[in-house]
Amino acid sequence: MSWAGPEDIYLSTSLASYLDRKILVLLRDGRKLMGTLRSFDQFANAVLEGACERVIVGDQYCDIPLGLYVIRGENVVLIGEMDTEREELPPHMVRVSETEIKRAQKVEREASELRGTMRKRMEFLDFD
């Protein structure tokens, strides 16, 4: 067992204020998870109850249910409390099914790959 340094105490104290509250967790891979914080440790490992992954593509979004979810602290970029009194998303956002959002993700990924391929093909042209 390792000794917790002073910086670990600050992390624990700040996360303790989020216990039993709805939070948003941004992960290193860009995923956004929401749920109720039930437990955590000094490494920012966290347990979310009623967790879901919010997927946003353009003006569409979907909350994919995950249930009870354990998050490894090294993957956490940001943790914040969600304001349950406010509307979570701008009014122009449209909720779609999991199937529709997966299809939109695929289209977006393919378009991004195509842009990257075209950029590589055009590198021989020196526009600078």
Side-chain angles (χ1 to χ4, degrees):
M1 180 159 192
S2 64
W3 173 253
E7 63 279 353
D8 296 328
I9 292 168
Y10 296 123
L11 176 64
S12 297
T13 304
S14 63
L15 283 179
S17 65
Y18 295 146
L19 274 174
D20 300 323
R21 294 178 187 232
K22 189 169 182 180
I23 62 168
L24 172 79
V25 182
L26 178 62
L27 302 179
R28 280 192 327 190
D29 64 3
R31 288 184 297 155
K32 294 165 277 308
L33 305 179
M34 300 180 307
T36 304
L37 181 64
R38 292 297 182 203
S39 184
F40 67 92
D41 65 13
Q42 72 270 23
F43 304 109
N45 296 321
V47 177
L48 295 184
E49 182 180 52
C52 66
E53 177 184 357
R54 172 151 296 164
V55 180
I56 300 173
V57 179
D59 289 344
Q60 299 178 329
Y61 78 98
C62 180
D63 292 338
I64 302 170
L66 303 171
L68 190 66
Y69 205 78
V70 178
I71 302 169
R72 190 172 169 107
E74 67 182 28
N75 294 317
V76 174
V77 173
L78 176 102
I79 296 178
E81 184 178 2
M82 296 186 67
D83 186 351
T84 55
E85 301 296 317
R86 291 185 51 188
E87 185 63 36
E88 293 180 27
L89 291 165
H92 71 277
M93 298 294 291
V94 178
R95 183 183 204 118
V96 297
S97 71
E98 188 173 340
T99 304
E100 290 174 279
I101 204 73
K102 296 275 187 200
R103 189 177 311 123
Q105 276 184 310
K106 183 179 180 193
V107 168
E108 185 180 61
R109 187 171 43 254
E110 289 171 352
S112 177
E113 289 170 1
L114 179 61
R115 281 191 302 272
T117 303
M118 294 304 292
R119 192 173 297 123
K120 286 180 184 174
R121 289 181 183 172
M122 301 300 277
E123 282 179 353
F124 70 92
L125 298 174
D126 189 13
F127 290 115
D128 294 333

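Remark: Arg72 engages Glu74 in a side-chain hydrogen bond (donor to acceptor under 3.5 Å, both in side chains) (not counting sequence neighbours). By the side-chain contact (heavy atoms from CB on, under 4.5 Å) test, Asp20 is found to be paired with Arg38, residues two or more places apart in sequence or in another chain being considered. With sequence neighbours left out, the side-chain contact (heavy atoms from CB on, under 4.5 Å) criterion links Arg31 to Leu27, Asp29, Glu53, Tyr69. Legend: residues meeting side-chain hydrogen bond (donor to acceptor under 3.5 Å, both in side chains) with Asp63, ordered by chain and number and at least two apart, are Arg54.
The structure places SG of Cys62 at 11.0 Å from CD1 of Ile56, a figure rounded to the nearest 0.5 Å. Annotation: the span from Ile79 atom CD1 to Leu37 atom CG amounts to 7.0 Å, rounded to 0.5 Å. With values rounded to the nearest 0.5 angstrom, Ile64 atom CD1 is found 9.0 Å from Cys52 atom SG. With values rounded to the nearest 0.5 angstrom, Leu33 atom CG is found 5.0 Å from Ile71 atom CD1. In this structure, CD in Glu81 is found 9.0 Å from CD1 in Ile23, a value given to the nearest 0.5 Å.
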Mind listing the side-chain donor-acceptor pairs of residues 98-113 below 3.5 Å, one per line with the distance, residues two or more places apart or on another chain?
residue	atom	partner	partner atom	Å
Glu100	OE1	Ser97	N	3.1
Glu100	OE1	Ser97	OG	3.1

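Residues Val76 and Leu19 share a single hydrophobic cluster, defined by chaining ILVMFWY side chains whose heavy atoms lie under 4.5 Å apart. Transitive grouping of hydrophobic side chains (ILVMFWY, heavy atoms separated by less than 4.5 Å) keeps Val77 and Leu66 in distinct clusters.
Residue Val70 belongs to a hydrophobic cluster whose other members are Val47, Leu68, with links defined by side-chain heavy atoms closer than 4.5 Å. Grouping Ile, Leu, Val, Met, Phe, Trp and Tyr residues whose side-chain heavy atoms lie under 4.5 Å apart, directly or via other members, places Met82 in a hydrophobic cluster with Leu24, Met34.
Within the 3.5 Å criterion, the main-chain N or O of Arg28 finds no donor-acceptor partner in the side chain of Asn75.
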